[in-house]
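Each chain gets a letter, A, B and so on, in the order the sequences are listed, and its residues count up from 1.
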Protein chains: 4
Amino acid sequence: MKALVYHGPGERSWDSVPDPAIQEPTDAIVRIDSSTICGTDLHILKGDVPEVQPGTVLGHEAVGTVVEVGDAVTTLVPGDRVLVSCITSCGRCRFCKEGRYGLCTGGGGWIFGHLIDGLQAELARVPFADASVYAIPAELSDEQVLFLADILPTAFEVGVLNGGVQPGDTVAIVGAGPIGLAAVLTAQFYSPSAILMIDLDANRLQVAGELGATTLIDSSDGLAVERVMKLTGGAGVDVAIEAVGVPATFDICQAILAPGGRLANIGVHGKPATLHLEKLWDRNIGITTRLVDTAATPMLLKLVASGKLQPAKLVTHRFALGDIMKAYDTFGNAAQERALKVVLTNR
Amino acid sequence: MKALVYHGPGERSWDSVPDPAIQEPTDAIVRIDSSTICGTDLHILKGDVPEVQPGTVLGHEAVGTVVEVGDAVTTLVPGDRVLVSCITSCGRCRFCKEGRYGLCTGGGGWIFGHLIDGLQAELARVPFADASVYAIPAELSDEQVLFLADILPTAFEVGVLNGGVQPGDTVAIVGAGPIGLAAVLTAQFYSPSAILMIDLDANRLQVAGELGATTLIDSSDGLAVERVMKLTGGAGVDVAIEAVGVPATFDICQAILAPGGRLANIGVHGKPATLHLEKLWDRNIGITTRLVDTAATPMLLKLVASGKLQPAKLVTHRFALGDIMKAYDTFGNAAQERALKVVLTNR
Amino acid sequence: MKALVYHGPGERSWDSVPDPAIQEPTDAIVRIDSSTICGTDLHILKGDVPEVQPGTVLGHEAVGTVVEVGDAVTTLVPGDRVLVSCITSCGRCRFCKEGRYGLCTGGGGWIFGHLIDGLQAELARVPFADASVYAIPAELSDEQVLFLADILPTAFEVGVLNGGVQPGDTVAIVGAGPIGLAAVLTAQFYSPSAILMIDLDANRLQVAGELGATTLIDSSDGLAVERVMKLTGGAGVDVAIEAVGVPATFDICQAILAPGGRLANIGVHGKPATLHLEKLWDRNIGITTRLVDTAATPMLLKLVASGKLQPAKLVTHRFALGDIMKAYDTFGNAAQERALKVVLTNR
Amino acid sequence: MKALVYHGPGERSWDSVPDPAIQEPTDAIVRIDSSTICGTDLHILKGDVPEVQPGTVLGHEAVGTVVEVGDAVTTLVPGDRVLVSCITSCGRCRFCKEGRYGLCTGGGGWIFGHLIDGLQAELARVPFADASVYAIPAELSDEQVLFLADILPTAFEVGVLNGGVQPGDTVAIVGAGPIGLAAVLTAQFYSPSAILMIDLDANRLQVAGELGATTLIDSSDGLAVERVMKLTGGAGVDVAIEAVGVPATFDICQAILAPGGRLANIGVHGKPATLHLEKLWDRNIGITTRLVDTAATPMLLKLVASGKLQPAKLVTHRFALGDIMKAYDTFGNAAQERALKVVLTNR
């Protein structure tokens, strides 16, 4: 089969590789119908994720069709159309039994395109298939559900749920990339009275407004904090969602929290931040971190089916899977290309 | 009347001052029967709390007897025996209506011995008396309930409740001062399987053990983190409670958290800390800060009445209120004097 | 002043009565600008609420303007425009301190038009005014906020919050009267994937659909349960909200609950119901009852201000306050008049 | 092997039957080391559970040793000592992924001694073994953990957790059988200020007192409600736990609830009860039902290991497994024999 293979920092190619095969009785083999590229894939290509070995097929988001199942698989048969998501669950360890699949210690967690071959390929081996894939209702298209493989549950679980968004809240989201925009979509599940989006990029701010952000704050002049405090009458925000991953944006989040506020960090951080306990110690604030679990995926599927969640609005570019090298070029140059999410189709 | 008056950094004296009088219809005048000294009083005397004006009577913890009430007071009559605690509630602002009295914006919050005259005196004016004091059951002694004025609700609400202690949890408490010891007492409400106390002082560690800590960790050699990780088989703790207020102890708390763990900060911090997001971003942790609200006081009173909570175990020294200058000397030299809490009696 | 006075079962009149006066330092006198009639007022007139004494002014929902305040009132001044709601809070008792004003033991709770004179009058005395009224933002009209005095917080707190509505849930509401319709409006705060409305009245079902119900079920043939089970593929609903108050509708709610489902009772019941424990004992269900507390009112005001909640859609008839006798005739004949809520204006 | 076989209502015998064998790759075969008898087994023998087919081996509680595992089992090897509990989890269905194994739709749930052969035997086949058994720390004896197979998680999850027991609460438990006594043990995890036990049997009441109940109420004269109301000063209880399963005891629970109280039903009911909505509609109460999930088992194991939970106190009789016919006679005559739990040992 053909697959997008990582060959070390800066090196990727669309290669012919052996077809995957069942290795464990709980495995399934899935034909990839649609896939996409994540910001994390770009990080891997920069060499920022050293545990990814050269020779690994990348990708951790796909819609596909089951073609073969192991002896212990009971809930899937060839022909089933499934969502294969970034997190795999062994279904057996303490964390999986608590719905915290992202912390799986039984061989699951984030493994696709990381510790085992991934989903930017014509076929993929899916471990622990019964516990790790989601059946897709026939009436939903690939594009309607593809982003439930990562960015929607990430934004929802790590940002919105951990942030404890409540009806009437004022929510600020820092960072209007795909994750921040998915937070705009999913924060609306709880009817906040205001969603403030803070970013440097005018195009992305505009998209945030189209998706439901009520106030757009251009932070390119460094005055985001002042603007938020003015807009909230000095009170600050109930929830701040960090969707970038650098100290400067984490600082903004700390500075705009109202007493009793919650800071939900989604960003992948490479450096420590300064925590201003001298200001925050008596302000009843909460700060959370989390890797996505995808436990919310069944609920997200229901909201897509009911029409209340429309993730396909994030699609900006479409390619045939065979053109994935070009798709990477486009996605890697997101600002200029105005790229949010690309869809790769294998038909 | 006589009162302990702050006269600027380093200066305190036991002075004759005018008796307090009803100023608002919601005020009560309370005769102080028992009072105590808090670590915060020492901070004030060092000049660390600049909003305290010279001439202020100190103290924010007392048991007393109502001697006069304003026209709008409906639930108290002269002769009632009451707990007067560190936090006052206006009962009207948004935060008081949510039970978050520590954030009161209507004139309450922490005001005694801070913004108005306090409780280390023979008499005190208590604003918003109906909403701010607690009737004491006749069968309970002053010493049984006195520490419910501050350290018990602080340790419970800010440490144990915010830390989300659950049955079976492993809880670490960093700092065996009065607040940390009160956390030992109140963490047991939720039946953790282990309570690890970390401190530099052998005497205080021993007291922690007597009060219910299951493992005592002397951190004087700087190896507390290593010991905790070894004791937990590398897993770390479910809850870390910071009860000191300096960057080094906050660092210990971060370093020992298990995935999914909660860090509840009680310490009063004067400096920022370093938050290791590069390690914590994907570990599902939560960090909280809070000023005590004293909303848990009625529950704590029930547990004292039932015998399940015995705060009087923290009493190490007793003085007549008139000897408060000497009591301050003792409390200010706590390590050598092996002082935890002093009781000042006005009979 | 003029007021609508109850004179015993079946007897009401628009009388001249003495103006109310400040009785306690915590009272305020409010000029009524807008008021409305509640189904409960009709129950009182039927003699179903025997503790209402003849001679009582009825009404417990109003928007008004403060004209005088007692000595202990600190947050209101004459001229303030306020929402006066069905529940009064003393701010001092255990329940008020927990935000459960409906259970107030300090003289509040439901008192207007019940234990003291009510709000269908030109003026009203409001006890515990600081803790019991809500300032109205200048940009909001009386009609936009009037129903926040009772039916919106009732439907939200007792139905939606107690029912634990979550994103993606299937919610059934039994009864499309004003309370049931307010449940349709407020259930949407949490983005259920489906809202099923069950009622006998075709007009009210149509209104429910216009307000956001996704499926309308005419129960006049007694087959509501069968329809719900068929619509949910035999699974049943996640949340059933009872908004009628008779055994038959409570039965429907029990019969349609999915395993793990919650039944939130809003209805005022005069008779016991049969609880089918022989079917429900192992199905993980929860059943709740509650009198409204109005603790959610500040949040509801924010959502009205943001445009996300539009209670004025429930207005079907408008009268001058002086025409209240006619308004009662209309409201008392709701089915024929297609009446939901009437607005009474005093200008 | 030998096993206790059900032969239709009233008929049981200790028979020679074929050894169980691996049927699915996720199965394990376990040698039973210790087992016990449950009240449910007696119900089956009365014919109350018609889905149990004659020929079925009874029993759903055991400690055993793994002797063989299927190809897909990854976390167990022969020789492992495990708790086999009343609930089996497929680990794949919606409910199992939510930790609600009792509702499993994938072939698990309560199956042992019910839908498949059970655990009162020398050997047993355990389906979905990875997700359904719990490793036992070497330092714990069989008797220390055996009752974690059913009555401890049942009492804790269905009674204590669903009842929302909080520190300081007043908790009433109706029924001092093994389940009610297990509720006494586990309610103490949350430090209620009082635990009232209500029963007809003086011996069982005495045991309840030894295990931690603070007030013992003999209900044989029908005046339990009056006594509870008097003891609580007319307030009622915060939590009522029903541990019998008949209308009369459910009635007691309803009648003693304080405003805001929770009624947690554990009892297996064969008939409907009367729900007094005419009294309860405005009292903010919650009623819950549930089949045990055993999701709390890992936590209970930690508390046994720490010494805070001592279920072996419930052992009143010990038999060799081969004497199980006699053990049934004793347990079936519990009142006269003063039997609570019997231990059956297979060594």
Any idea which donor-acceptor pairs are under 3.5 Å between chain A and chain D?
residue: A:A72; atom: O; partner: D:R92; partner atom: NH1; Å: 3.1
residue: A:A72; atom: O; partner: D:R92; partner atom: NH2; Å: 3.3
residue: A:T74; atom: OG1; partner: D:R92; partner atom: NH1; Å: 2.6
residue: A:R92; atom: NH1; partner: D:A72; partner atom: O; Å: 3.1
residue: A:R92; atom: NH1; partner: D:T74; partner atom: OG1; Å: 2.6
residue: A:R92; atom: NH1; partner: D:D130; partner atom: OD2; Å: 2.7
residue: A:R92; atom: NH2; partner: D:A72; partner atom: O; Å: 3.3
residue: A:K97; atom: NZ; partner: D:A131; partner atom: O; Å: 2.2
residue: A:D130; atom: OD2; partner: D:R92; partner atom: NH1; Å: 2.7
residue: A:A131; atom: O; partner: D:K97; partner atom: NZ; Å: 2.2

Locate the shortest heavy-atom distance separating D:G91 from A:A131; write the atom from each residue and the value.
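Heavy atoms of D:G91 and A:A131 come nearest at O-CB, 4.0 Å.
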
Chain A heavy atoms under 4.5 Å from D:V133: which part of the residue, side chain, backbone, both or neither?
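Looking at D:V133, nothing touches chain A.
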
